[in-house]
Amino acid sequence: MSFVHLHVHTQYSILDGQSSIENLFARAEELGMPGLAITDHGNMYGVKEFFKYAKKHKDIKPIIGCEIYVSKFDHTIKDKEHRAYYHLILLAKNINGYKNLMKIVSTGHIEGMYYGKPRVSHSVLEKYHKDLICSSACLAGEIPRNIVAGDIEAAEKAVKWHKDLFGEDYYLEVMLHKTEVPGQSQEVFEKQRIANDAIFKLAEKYDVKVIATNDIHFVRKEDGPVHDRLICLTTNEFVDAPNRLRYTQQEYMKSEEEMRALFPDHPEVIGNTMEIYDKVERYEIDRDHVLPQFKIDSSFLNDIDTYLVKYKDVIDAGRSDDKGNDRGDEFTHSVAYLCHLSYEGAKTRYPNMSKDVAERMDFELKTISRMGFPDYFLIVQDYIAAARRMGIFVGPGRGSAAGSIVAYCLGITNLDPVKYDLLFERFLNPERISMPDIDVDFDDEGRYRVIQYIQDTYGKDHVSHVITFGTMAAKGAIKDVARISHLSIDESNRLTKMIPDRPFKVTEGGQEKDVKPTLKNCIKYIPELKNEFEHGSDLVKEVLGYAMQLEGCIRQIGIHACAMIIGRGDLTDYIPMTIGIDKATGQEVWMSQYEGSF
């Protein structure tokens with residue numbers, strides 16, 4: 001196999017891509033492809049899931065990229081006169097390229113978001129272009145767009161600029177989508193032919209290599225009509241609307257043979273994809289926890305040597321990590337300060353501390369030190385104390401954290417674990433290394449003030465909310481497809497009422513089990529719906545069929561109601577960021593592009 005798809009949209013190109021990452025990898029393996037790229041529109045939302053499935057398909061090299069939006073102007077200017085942008089493909093060659101890609105994408109979301117497009121300018125590319133491979137993208141790219149508009153001079157200027165910046169890592173891109181949908185216009189195909197003819201000439205003139213791509217938006221050819229329904233949902237148009245946006249339905253994962261057949265006179269465009277494949281290294285983005293450092297009171301640090309001696313046993317328990325690496329002076333200072341605050345709090349919580357409580361306190365502190373979490377506890381106790389100072393109601397504590405004497409003495413919880421016989425090991429267990437999980441409840445009015453305090457204390461670029469992804473559920477998918485297909489609201493409601501709101505019980509093989517109320521399960525196990533799918537009107541069967549294929553597609557992003565990230569440094573050094581709107585304040589806030597589940 002000597003071809004790799006390098007322009008690929010997953011369902012994280014929200015309401016535009018229909019490909020599930022799992023199915024993309026399965027199809028790439030079926031076709032014998034050695035690598036696969038992810039290049040979603042303006043975001044890196046799907047990268048963690050992409051790596052997850054890459055680990056299950058070890059013969060396929062994951063290539064991380066993005067189809068970014070490049071402003072022709074200063075990307076921070078947000079008015080209609082400066083709204084124009086073009087598409088550009090970027091692929092990370094290695095971990096440094098990945099970090100630079102995160103910076104570019106984050107900058108677009110934080111500084112350049114306008115009408116839903118996270119734009120960056122040339123200055124951003126100049127700053128972060130190292131270890132990135134660049135290609136010229138689709139008809140919405142600067143070079144194809146200028147060619148089709150008849151402005152060859154502008155196209156040449158763009159080729160030279162990108163070649164000067166990216167050097168041998170700059171490629172021109174060709175694609176060819178001749179629709180086979182009866183009656184559909186060949187306008188896209190004709191524009192691509194015009195663009196491709198000029199691109200090959202420009203490539204020869206400026207010594208730039210050309211690659212073939214297919215701008216994948218769905219996995220298999222037969223998925224074309226399903227993707228077409230998704231586009232109708234995006235544009236809020238009926239399926240039979242005469243002038244709506246239509247893809248060619250050629251934007252699927254084609255085999256090497258199919259791609260070669262598109263460019264019989266230019267076999268090099270197939271082989272050049274392998275040159276990019278060879279340039280890309282395998283790397284991991286998962287890393288050990290990078291916890292923020294708590295700022296310790298200067299008065300305590302003035303006498304730090306005394307405390308280092310006093311709490312030496314606890315410090316020694318965690319002085320080195322599990323790989324034998326010394327954690328450094330700042331870590332030892334944090335452990336000492338944690339011990340100090342814990343024993344100060346114990347004077348109130350346990351004024352006559354028993355031997356058993358003292359031994360448990362020592363055990364907990366050594367466990368926290370050994371696992372490397374002193375700063376975690378210091379930070380949590382700090383913002384809880386700040387909340388109480390501001391008169392904000394703080395819950396007494398819930399979940400496994402209530403089993404910690406240290407948390408109780410620090411004021412993180414208000415439940416005595418000794419009195420109620422609660423186990424610390426349910427909260428932190430050295431045999432099962434995982435981050436502490438302390439659930440803290442604040443009153444609705446005060447929550448935003450706590451977040452503001454955290455941002456003011458640690459820096460706005462150190463703090464973010466966590467993204468969530470909302471997917472199409474069974475009922476919603478039916479209603480959506482029904483709406484664009486002219487199925488009446490009454491019929492749509494009749495069908496959705498057949499779907500349970502919760503998991504339901506079925507008997508199979510003589511055993512009763514709970515099944516999720518997915519459309520596939522409902523059609524299989526609920527006789528009324530099965531009958532509609534098999535014997536209903538043609539329109540009902542069509543709606544149910546397409547809804548079943550669209551169920552589970554990502555529909556929108558949101559902000560996790562509780563989760564927050566506090567980092568040691570600028571979070572864009574660690575993960576790509578976007579922005580969201582805080583419901584309590586209506587203000588823009590940073591939000592991670594990665595969900596917490598991967």
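Since we're looking at a predicted model, the values are computed, not measured.
Between Asp169 and Ile133, the closest side-chain pair of non-hydrogen atoms falls below 4.5 Å. No side-chain heavy atom of Lys93 sits less than 4.5 Å from a side-chain heavy atom of Leu132.
Asp570 is linked by a salt bridge (Lys or Arg N to Asp or Glu O under 4.0 Å) to Lys103, counting only residues two or more places apart in sequence or in another chain. Take Ala154 and apply the side-chain contact (heavy atoms from CB on, under 4.5 Å) test, not counting sequence neighbours, and it matches Asn146, Asp151. Every side-chain contact (heavy atoms from CB on, under 4.5 Å) that Ser20 has, sequence neighbours left out, goes to Gln11, Glu22, Asn23. Looking at residues two or more places apart in sequence or on another chain, you find a salt bridge (Lys or Arg N to Asp or Glu O under 4.0 Å) between Glu284 and Lys55. Glu237 is linked by a salt bridge (Lys or Arg N to Asp or Glu O under 4.0 Å) to nothing, counting only residues two or more places apart in sequence or in another chain. In this structure, the salt bridge (Lys or Arg N to Asp or Glu O under 4.0 Å) partners of Glu532, at least two apart in sequence or on a different chain, are Arg494. The side chain to side chain donor-acceptor pair (under 3.5 Å) test applied to Glu190 returns no partner, not counting sequence neighbours.
Partner of His217 under the ring pair (Phe, Tyr, Trp, His ring centres under 6.0 Å) criterion, chosen from His227, His7, His5: His227. Under the side-chain contact (heavy atoms from CB on, under 4.5 Å) rule, Leu262 has a single partner from Lys178, Lys254, Met175, which is Lys254.
Under the salt bridge (Lys or Arg N to Asp or Glu O under 4.0 Å) criterion, the residue pairs touching residues 546-556 are Asp480-Arg555, with sequence neighbours excluded. The stretch residues 171-207 participates, sequence neighbours left out, in these ring-ring contact (aromatic ring centres under 6.0 Å, His included) pairs: Phe200-His266. Residue pairs meeting the salt bridge (Lys or Arg N to Asp or Glu O under 4.0 Å) criterion with at least one partner in residues 466-478, sequence neighbours excluded, are Lys475-Asp501. Contacts classified as ring-ring contact (aromatic ring centres under 6.0 Å, His included) and involving residues 129-163 (residues at least two apart or in different chains) are given here: His122-Trp161, His162-Tyr170. The salt bridge (Lys or Arg N to Asp or Glu O under 4.0 Å) analysis of residues 112-141, with sequence neighbours excluded, yields no pairs.
Side-chain N/O atoms of Tyr12 and Glu49 include a donor and acceptor closer than 3.5 Å.
Between His75 and His82, the distance separating the two ring centers is not shorter than 6.0 angstrom. Two rings, from Phe50 and Phe25, have their centers less than 6.0 Å apart.
Heavy atoms from other residues, nucleotides or ligands lying under 6.0 Å from NZ of Lys191 number 12 at most.
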